[in-house]
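Following: one structure in structure tokens, then a few remarks.
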Protein chains: 2
Amino acid sequence: MGENYNYPKHFVAVDCIIFGFDGENLKILLIKRNFEPNKGDWSLMGGFINEQESSDQAADRILNMLTGLENIYLEQLNTYTAVDRDPSARIMSISHYALINIQDSIQINEKYSAKWFDLKDHPDLIFDHNAMVKDAVLRLRRRATTRPIGFELLPEKFTMKDLQNLYEAIFDEKYDKRNFTSKINALDVLVNTNEKDMSSSKKGSFLYTFDEKKYNKKISEGFMFKI
Amino acid sequence: MGENYNYPKHFVAVDCIIFGFDGENLKILLIKRNFEPNKGDWSLMGGFINEQESSDQAADRILNMLTGLENIYLEQLNTYTAVDRDPSARIMSISHYALINIQDSIQINEKYSAKWFDLKDHPDLIFDHNAMVKDAVLRLRRRATTRPIGFELLPEKFTMKDLQNLYEAIFDEKYDKRNFTSKINALDVLVNTNEKDMSSSKKGSFLYTFDEKKYNKKISEGFMFKI
DNA sequence: TCAAAAGTGTTAGTGTTACACCCATGA
DNA sequence: TCATGGGTGTAACACTAACACTTTTGA
């Protein structure tokens, strides 16, 4: 009976802001549309929500189609509902942001003509996708002050410099090396593997991993981490 | 042509978490459903989104129907899309929270059998509305640490104690009167009217108003206000 | 004159920021 | 031996948290 409600129904899509990190810069993964409308333009990866799936499931499915990855870190952001946001039809879109380790995703499905762009230098996007990206960056920043971040974006082993570069890329600010290090150490979520990455200097720099237990504990406790 | 997309369409509703403050406790406005499904149960105020309106417009319209108020402070929260969240049909819902000055809204539309409840002691709600309320409280708290709050929830003139009560209600914590006062004064958004509210004590306590310019400036600057 | 709430400062401790030199190594 | 990036400590300052007494006035 519910299906007979006399109310309008709407197309509802999800769009994904996919963040990655290459050790230096924050990146986003964009696709070149090979379909109408706006064929040839750059946009976020997205798709319609099916009858029997939630928006999270739809975002999972769509990310999997694009990257082949499972269990990507995903968070729902905002829902964009302006009537004319998409000129081809009235389509609402629920944005999600994803954090992926850029190394993992080498086999991006070629069908979508996807490409990583520097967050600070990406092409103009269709519809309201530029606004979606802006909003997602704000959320990513908020998340980075509320929780330790990096687990999802960095390779398993990383240097302190990598982590600092990540925070600097997220906040688009420079930090003092000593202060950053002691702040992170005070957080107590890293483990020094005692291995060294020799590629960046002659002395080499220690490789760390996240202590997943402590990391998740910090996340669930919910604290304020001001860098 | 867009309307012919071969994709499923969905019912999309908005639900409103309406916060008010009576000087002592945080309240939420709930309605007793006089329609199916779940007639007789308590729920948030909500409604379907029309063809030609955005979710914000829908939330505005629905709040106006209930309270007669215009230009209520509204913010979009999350979109709830679990397939079976509403047993009568697959309906997505975009939650919004509203802050209203409880004095303003005396003429609540009787048609909806609405009632103010203490946030800490409200009846069990239908569907996922309990979760919506919980999420909204978290957002309200976050907002109260990122921006000065109160303008929307307090009457035009209020005492320092009222403001402290509001913060204590939002965070469900007690604060030291001296520290609270100096923190708020340091914020520099209040104006002392030099009038006194004589109802609460023999000595009387000063009534303040917000300096709207400074208040909005603080909001737009975006700062961290840890009480 | 007393009861009840309003108003007001100081201090110790904690956290934050700014800042510069030595270390290890491969070339 | 030198050039390069890695690693480390301290001091001044700012902010936070804890704490108690005096004022006003109506009853």
Side-chain angles (χ1 to χ4, degrees), chain A residues 23-24 141 144-146 148 150 154-155 157-169 171-209 218 221-227, chain B residues 22-24 141 144-146 148 150 154-155 157-169 171-209 218 221 223-227:
Chain A
E24 290 292 327
R141 284 181 188 168
T145 57
T146 316
L154 290 170
K157 297 176 184 179
F158 52 89
T159 65
M160 193 61 84
K161 184 126 213 289
D162 291 332
L163 188 57
Q164 181 169 348
N165 283 344
L166 173 58
Y167 268 89
E168 291 182 342
F171 288 101
D172 196 20
E173 274 191 54
K174 291 288 172 195
Y175 301 111
D176 178 90
K177 181 170 52 156
R178 284 162 293 191
N179 292 339
F180 184 84
T181 306
S182 55
K183 205 91 179 250
I184 292 289
N185 284 333
L187 251 190
D188 187 32
V189 293
L190 294 193
V191 182
N192 188 334
T193 63
N194 285 311
E195 294 167 59
K196 284 200 162 189
D197 166 28
M198 300 309 293
S199 68
S200 64
S201 76
K202 295 162 184 174
K203 187 179 179 182
S205 54
F206 282 116
L207 287 164
Y208 293 84
T209 57
K218 288 284 173 191
E221 280 167 0
F223 66 107
M224 190 70 39
F225 177 62
K226 184 142 178 318
I227 205 69
Chain B
D22 67 359
E24 289 292 327
R141 283 183 188 169
T145 57
T146 315
L154 291 169
K157 296 175 185 180
F158 53 88
T159 65
M160 193 61 82
K161 184 126 212 291
D162 291 333
L163 187 57
Q164 182 170 346
N165 284 343
L166 173 58
Y167 268 90
E168 290 182 342
F171 289 100
D172 195 21
E173 273 191 54
K174 292 289 174 195
Y175 301 112
D176 178 89
K177 182 171 50 156
R178 285 162 290 189
N179 291 340
F180 184 84
T181 306
S182 54
K183 205 92 180 248
I184 292 289
N185 284 332
L187 251 190
D188 187 32
V189 293
L190 294 192
V191 182
N192 188 335
T193 63
N194 284 311
E195 295 168 58
K196 284 201 163 189
D197 166 27
M198 302 307 294
S199 68
S200 63
S201 75
K202 295 160 185 175
K203 188 178 178 182
S205 54
F206 282 116
L207 287 165
Y208 294 84
T209 58
K218 290 282 174 191
E221 282 167 358
F223 66 108
M224 191 68 41
F225 177 61
K226 181 140 182 320
I227 204 72

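In this text, all values refer to a predicted model and were calculated from it rather than measured experimentally.
- Computed from coordinates, the B/Ile227 CD1 to D/dC15 C1' distance equals 13 Å when rounded to whole Å.
- Applying the ring-ring contact (aromatic ring centres under 6.0 Å, His included) rule to pairs touching residues 174-195 of chain B yields B/Tyr167-B/Phe180, sequence neighbours excluded.
- What separates CG of A/Leu207 from P of D/dG7 is a distance of 10 Å, to the nearest Å.
- Ranked by how close their nearest DNA chain C nucleotide is to the 5' end, B/Thr159 and B/Asn179 are led by B/Thr159.
- In this structure, NZ of B/Lys226 is placed 11 Å from P of C/dT16, rounded to the nearest angstrom.
- C/dT17 atom C1' lies 18 Å from atom NZ of A/Lys174, rounded to whole Å.
- Residue A/Thr159 holds its OG1 atom at 9.5 Å from CD of A/Gln164, rounded to the nearest 0.5 Å.
- Considering CG of B/Asp162 and OG of B/Ser205, their distance stands at 7.5 Å, rounded to 0.5 Å.
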Nucleotide N/O of nucleotides 21-25 of chain D paired with protein N/O under 3.5 Å:
residue : atom : partner  : partner atom : Å
D/dT23  : O2   : B/Lys203 : NZ           : 3.0

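- For the pair B/Asn194 CG and C/dG7 P, the interatomic distance rounds to 11 Å; values are reported in whole Å.
- Across all their heavy atoms, A/Asn179 and A/Ser182 have their closest contact at O-OG, 3.2 Å.
- With rounding to the nearest 0.5 Å, the separation of CG in A/Asn192 from CG in A/Asn185 is 9.0 Å.
- Spacing between atom CZ of A/Phe206 and atom C1' of C/dA24 amounts to 11 Å, rounded to whole angstrom units.
- From A/Asn165, atom CG reaches atom NZ of A/Lys174 across 6.5 Å, with rounding to the nearest 0.5 Å.
- Each of B/Lys183 and A/Tyr208 was matched to the nucleotide of DNA chain D holding its nearest heavy atom; the match closer to the 5' end belongs to A/Tyr208.
- Atoms CD1 and CG, from A/Ile227 and A/Asp176 in turn, are 11.0 Å apart once rounded to the nearest 0.5 Å.
- The side chain of B/Ser200 lies closest to C/dA6, out of C/dA6, C/dG7, C/dG9.
- Between A/Leu190 atom CG and D/dG7 atom C1' the separation is 15 Å, expressed in whole Å.
- Put simply, CG on B/Asp176 is 14 Å from P on C/dT8, counting in whole angstrom units.
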